[in-house]
Amino acid sequence: MLFLGLLCGHSFAQNVQKIEPVKFSEVNITDAFWKPKMDKVATTTLQACIVQTEVKTPRIRNFEKVARKQGEKHEGIYFDDSDVYKAMEAMAYSLKNHPDAELEKKTDEWIDKIAAAQLPDGYLNTYYTLNGLQNRWTDMEKHEDYCAGHLIEAAVAYYNTTGKRKFLDVAIRFANHIDETFRLANRPWVSGHQEIELALVKLYRTTKDERYLKLSEWFLNQRGKGNGKGVIWDAWKDPAYCQDAIPVKDQKEITGHAVRAMYLYTGAADVAVNTGDTGYMNAMKTVWEDVVHRNMYITGGIGSSGSNEGFSQDFDLPNENAYCETCASVGMVFWNQRMNALTGESKYIDVLERSLYNGALDGLSLSGDRFFYGNPLASIGRHSRREWFGTACCPSNIARLVASLGDYIYGKSESGIWVNLFVGSNTTIKLRNTEIPTSIETNYPLNGKVKISMNPSSKTKYALHVRIPSWATNVPVAGNLYHYLGNYTTTIAMIVNGKKVDFKTENGYAIIDREWSAGDVVSFELPMDVRKVVARNELKQDNERVALQRGPLVYCVEGIDNEGKAWDFILPDNAKFTEVPQQVLTEPIIAIQTDATTFKPTPDGLGFKPEKKRITAIPYYTWCNRGSGQMQVWLPRKVKSAMVNY
Ligand SMILES: [Zn+2]
């Protein structure tokens, strides 16, 4: 294989893709946890995006100015076009599960404006078209290809939902322009903010035109050759900042800007899936271990440092000062889905689920119209959710992720059906020539009961693969970066039509391989007991601390439920937990209550005496929805670690 690889550029492995994810456009979401959030995105979040994009900021006006050709100047930041496209991508996904004629009309209106701003040669970027077209494609850091990537993603999503081609044709013309300008012209170009790589693979899958796959691979191959340079701001002062220090296939460690890294590796995994290039596959696996085993928060967030919006040293994960950008968690969802498709291993979905339900979801307020850019794991009360940001990447990113949830639930392969996430939904999966309507019913993550129903049109033999989450077993999380305190033994029984069945477990999936008939129902229950998690010693900021997890949800203690204070107690190791159904605003949750120890000054003022304090913990993603205040995910176990800022 190695020699073959050397001869032809990459080695084409057979059947390299283990799982083909079922697309959002084929999945109806009915879930009690997610459907209300998707409805909130469809109404409130997207309305906020529309108002910000169209009324409060000049983003849409820039497109109108290009079309008017009256010499008007660009307003805003050079990458603002991307926010328009990301909002449109979210609108496209949302129209699938929440049809809305007004929203579709608005999207079509924007598409007309965007199409009118495209130049005859396919180029489309309001910043350069308004401020000096002669300067286009001269500064690799100016995000032209990044904006193009988001345009392509939006166009593909809108085509998938509506079947309308106009936006897709705009994207195709722009992609062709880029291909002619760079790959065919053999002109070096290193993307300063990766994104176009993964977008081009989506365009390839939609159009089946290999040109876009080749262009995506070309962009990957540009990296690590010393060609990157920014003119106004040189992101390449440290080439590791934009993952350009060494060729992608030789990369072993995560470096630099977290979102750029996630988009790059998603694109690399996409190319590997489609070309079978083992070089990319092996690099991705090694880099993934560096991210997850040494640089990931328990919330699935990444990129601890604000100075480079990215990674610092291994095991450096400050809590209160965590940067942990919402977009980076969204990127973790993308990348891990691709790694799962590539390998058929559930550990990638375990991480995807962790990032989705915690690090990413925390970025969106329960009301749907407030956002976090960074997602800290502790606060003394100085964090608050915001309406919008100058650099507004996060709001539309979390909107498009929630709206596209259907992309992450089911998969299929030659051997059968895969269930990755437990989300109430239905779809029809076609295996060979048999249509198999499949649905999931569950109240996850409030409880762990899951029911999968399948209705093959005729009796069919195939394997059902059900992910057994690593949190449900006693397997250490993230390669032992985190592990459970105490022993949890779990046996998960698989019930088919009311009878317990034997199954084998492979790569983290329970596999039931048999002949299935219409009306077959598989049910099982995941253990939702409260689990205490501790971090490896090297993770200094979490020393002598414990985090609480229930199912996929990481918990935190917030001041508002605890007399305003979340930093005034220690949690004894023998604490017993009570699960209490509650609401945070209108969000139904299971709160965790336990007895902690607080310290009150003695009457003589000379010391402190321990006192019992009943504390309440809530799911991390629900914090800071009732005003700013204290919060902690990692709860101190010893007095000396209790009152320190960390
Ligand atoms: Zn962001």
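In each ligand, atom 1 is the first atom listed, and ligand 1 is the first ligand listed.
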Assess the side chains of Gln632 and Asn319: does a donor N or O sit below 3.5 Å from an acceptor N or O?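 Checked: Gln632/Asn319 side chains show no N/O donor-acceptor pair below 3.5 Å.
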
Please tell me whether Asp108 and Tyr158 have a donor and an acceptor in their side chains that are separated by less than 3.5 angstrom.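 Per modelled atom types, Asp108 and Tyr158 side chains form a pair under 3.5 Å.
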
Once salt bridge (charged side-chain N to carboxylate O under 4.0 Å, His left out) is applied, do any residues pair with [X], and if so which ones, sequence neighbours excluded?
X	result
Asp145	none
Lys65	Glu75
Asp81	none

Using a cut-off of 2.8 Å, find all protein N, O or S atoms closer to the Zn ion (ligand 1) than that distance.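 Glu325 OE2, Cys327 SG, Cys393 SG, Cys394 SG, with waters left out.
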
Got a salt bridge between Lys35 and Asp39, using NZ or NE/NH1/NH2 to carboxylate O under 4.0 Å?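 Judged by the 4.0 Å cut-off on N to carboxylate O distance, Lys35 and Asp39 do form a salt bridge.
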
